Structure formats: C-alpha cells, structure tokens
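Each chain gets a letter, A, B and so on, in the order its sequence line appears, and its residues count up from 1. Source: prediction; values computed, not measured.
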Amino acid sequence: MKMAVADSVVVLDFETSGLSPEYGDRAIEIGAVLVEHGVIVDRFQKLMNPGFRISRFIESYTGITNEMLKGQASCEAVMAEFSEFIAGHNIVAHNAAFDRRFLDFELKRANRAFQGECCCSLLVSRRVYQDSPNHKLKTLVSHAGIAETGSFHRALADAEMTAHLWMSMINRIGEQYKIPMILFDQLCELSRVDKLYAHRYLSSLANRC
DNA sequence: TGCCAGGCCCTCTTTAGGGCCTT
C-alpha cells in the first residue's frame, strides 16, 4: 500500500449509465487525480464495460459510446485496480454523495471497500463561492477562472477540474481569512456548517492561526 | 423510449414542497 502524505487527497469522478445503482445503473468510466501539496502528481482513468448497452442519452451526455465500451475491462476488474489507487487517501468529488454511492456499490461488487473520508466540493463551493450564479462544475470552473482541461462529462477532465476548483477554494479561503493552511477535516466541517455561518466558522479558524 | 435517487438548501418553512446537483 502507498503511504499517503499529510496534505494529499484523491479527487474522483464517475461517468455512469444513470443516476442510481439501486435501479441497475453501473459505472462506465472512472477518472481520478492524486493531489499532493496543491499539485496533481498522479492520474487514473479507465473506461469499463457495464455488461449492457448504455442509453443514447448517456452516449450524448458523456461522449462515451457503446462502441468505445466494447472490449473494455469489467467494472469489477477496474475497481479492484482503482481501490489500490485510493488506498490510504481521503477523497473529494463534486456532489460527492452521488460518486460515493457508485464507489461503494462498485467496490463491493469487486469485493473491496474504501475506508477513508469523503468531502463534497459542491457543498464547500456553496459556502466559499456564494456569489456564483449556480454551483454546477462547469459554472464554478468559469467563475473561478480555472482553465478547462478537457471535455466536461468525461471522468478524468472533470476530476482534474474539480481538483483545481478544490485548490482554488483553499486559496480563496487562505487569501480572505489569512489562513495559511486549511485541513481536509476542516473543509469537511465547513461543508456541514450552515451556509449563513460559513464566514463565522472561517473567521474562527483564522483566529486560531 | 423514457423513467428511476438522494441529500442539501431555500422559503410562500419547520406538521412541506420543490429546485439544485450528480449521470
């Protein structure tokens, strides 16, 4: 198992055949980046064959076609490999509840499990970027002045841009509140603080510095 | 072909309803 550095996190994104594994939906692509000390140092991207044809809507939405999924490894094989990539790390995702459901579902089918903590960049963004028109990933990337690294709705590109959004929010907190280093656990706590009290919470962190 | 979920969050609220966000 890899040893995680203190200031590290894996940012991940799933493309799936639909919204709910409970209704038979499966992952079709996983993309993830390992961020250490504010720098992307490793990447993981794999298409996976769900064992059935995906809908035209998903083909259009993601750009991933049934033809592209032919001959790809099974979800179980890809997730067994991915479990090694995330071992020992905490994870971040945009609307993390969605990705966490698929992560747990697919890992279970691969006889694996994830033991780390999970934080949602969407919830953090609702507190840090309260001036954004909405909190879709694409809007936030534009709002924060982040360069697009690929096509939206492809797993690795979305994971990379979510990682840059994550770092952008950390930098914004640092600049506004003079907090030189905010910890993963503190960002998780921020995501749970009532939106109206986010400023108070961050000010309290600044006072402790 | 079109549908499915679930948690957050706001307000015309809290004994609720509906939009947002993910695919």
Side-chain angles (χ1 to χ4, degrees), chain A residues 10-33 45-69 72 75 78-79 82 86 91-109 114 117-144 146 148-166 168-169 187-201:
Chain A
V10 168
V11 184
L12 68 87
D13 183 67
F14 277 105
E15 303 306 318
T16 70
S17 65
L19 292 172
S20 174
E22 303 300 322
Y23 279 73
D25 292 318
R26 300 294 304 272
I28 59 174
E29 186 183 40
I30 177 80
V33 296
Q45 184 274 330
K46 287 282 172 67
L47 291 168
M48 50 190 124
N49 192 323
F52 55 82
R53 290 183 63 82
I54 59 174
S55 68
R56 285 186 181 176
F57 170 77
I58 293 297
E59 284 188 317
S60 173
Y61 187 80
T62 65
I64 298 169
T65 64
N66 283 291
E67 192 65 28
M68 292 165 66
L69 296 176
Q72 298 291 342
C75 299
V78 171
M79 293 308 296
F82 184 66
I86 56 174
I91 60 174
V92 168
H94 201 64
N95 199 9
F98 173 85
D99 291 280
R100 186 66 197 261
R101 277 200 302 278
F102 276 95
L103 179 68
D104 290 341
F105 176 83
E106 296 292 0
L107 284 177
K108 187 175 182 180
R109 289 181 63 104
F114 173 67
E117 297 296 317
C118 181
C119 192
C120 178
S121 58
L122 168 63
L123 296 182
V124 175
S125 76
R126 282 178 174 161
R127 288 146 181 85
V128 175
Y129 286 124
Q130 296 192 21
D131 52 342
S132 181
N134 61 57
H135 296 85
K136 295 177 183 176
L137 178 61
K138 185 171 186 176
T139 303
L140 288 163
V141 164
S142 172
H143 185 75
I146 295 166
E148 296 181 12
T149 59
S151 300
F152 285 99
H153 306 304
R154 285 303 301 268
L156 183 59
D158 279 5
E160 285 184 330
M161 288 187 279
T162 301
H164 288 295
L165 172 66
W166 183 254
S168 171
M169 292 192 293
L187 286 161
C188 291
E189 181 67 22
L190 174 64
S191 76
R192 293 189 289 265
V193 168
D194 190 301
K195 181 179 169 181
L196 296 173
Y197 295 105
H199 172 71
R200 182 182 299 179
Y201 174 75

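- Taking atom CG on A:Leu12 and atom P on B:dT22, their separation rounds to 14 Å, with Å as the unit.
- Checking A:Leu196 against A:Ile58, the closest nucleotide of DNA chain B that is more toward the 5' end is the one next to A:Leu196.
- Look at the P atom in both B:dT1 and B:dT23: the space between them is 23 Å, to the nearest Å.
- Within the 4.0 angstrom heavy-atom criterion, only backbone atoms of the sugar-phosphate kind lie near A:Phe14; the bases stay farther away.
- The C1' atoms of B:dA16 and B:dC12 are separated by 11 Å, rounded to the nearest whole Å.
- Here side-chain hydrogen bond (donor to acceptor under 3.5 Å, both in side chains) pairs that include residues 119-132 of chain A, with residues two or more places apart or in two chains, are A:His94-A:Ser121, A:Tyr129-A:Ser168, A:Asp131-A:His143.
- Spacing of C1' atoms, B:dT13 relative to B:dG19, comes out at 15 Å, to the nearest Å.
- Atom CG of A:Leu137 is separated from atom C1' of B:dC20 by 15 Å (rounded to the nearest Å).
- Using a 4.5 Å heavy-atom threshold, the side chains of A:Met68 and A:Ile28 count as separate.
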Protein-to-nucleotide contact annotation, 5' to 3' order, nucleotides 1-9 of chain B [B base; S sugar-phosphate only; - none; under 4.0 Å, heavy atom]: S--BBB-SS

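- The interatomic distance linking A:Tyr129 (OH) with B:dC21 (P) rounds to 16 Å, in whole Å.
- The distance from atom CZ of A:Arg154 to atom P of B:dT23 is 12 Å, rounded to the nearest whole Å.
- Judged by distance alone, the side chains of A:Asn134 and A:Thr139 do bring a donor and an acceptor atom under 3.5 Å apart.
- If you take NZ of A:Lys138 and C1' of B:dT22, they are 16 Å apart, rounded to a whole angstrom.
- Here the closest heavy-atom approach between residue A:Asp25 and residue A:Phe102 is recorded as O-CE2, 3.7 Å.
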Nucleotides 12-14 of chain B: which of its N/O atoms have a protein N/O under 3.5 Å away?
none

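- Using a 4.5 Å heavy-atom cutoff, the side chains of A:Trp166 and A:Val124 are in contact.
- Spacing between B:dG2 and B:dG7 at atom C1', rounded to whole Å, works out to 24 Å.
- A 4.5 Å side-chain heavy-atom check between A:Glu160 and A:Val11 finds every atom pair outside the cut-off.
- A:Arg109 is listed as a side-chain neighbour of A:Arg26, based on a closest heavy-atom distance under 4.5 Å.
- Close to B:dT23, at under 4.0 Å from its OP1 or OP2, lies a side-chain N or O of A:His153.
- As judged by a 4.0 angstrom heavy-atom cut-off over every strand, A:Ile28 is placed among residues making no nucleic acid contact.
- Atom CG of A:Asn66 sits about 10.0 Å away from atom CZ of A:Arg56, to the nearest 0.5 Å.
- A:Tyr197 has its ring centre no less than 6.0 Å from the ring centre of A:Tyr201.
- If you measure from atom CZ of A:Phe102 to atom C1' of B:dC21, you get 14 Å, rounded to the nearest angstrom.
- Distance, A:Leu140 CG to B:dC21 C1': 11 Å, rounded to whole Å.
- The side-chain heavy atoms of A:Val141 and A:Glu148, taken from C-beta on, include a pair separated by under 4.5 Å.
- Rounded to a whole angstrom, the distance from the P atom of B:dC9 to that of B:dC4 is 24 Å.
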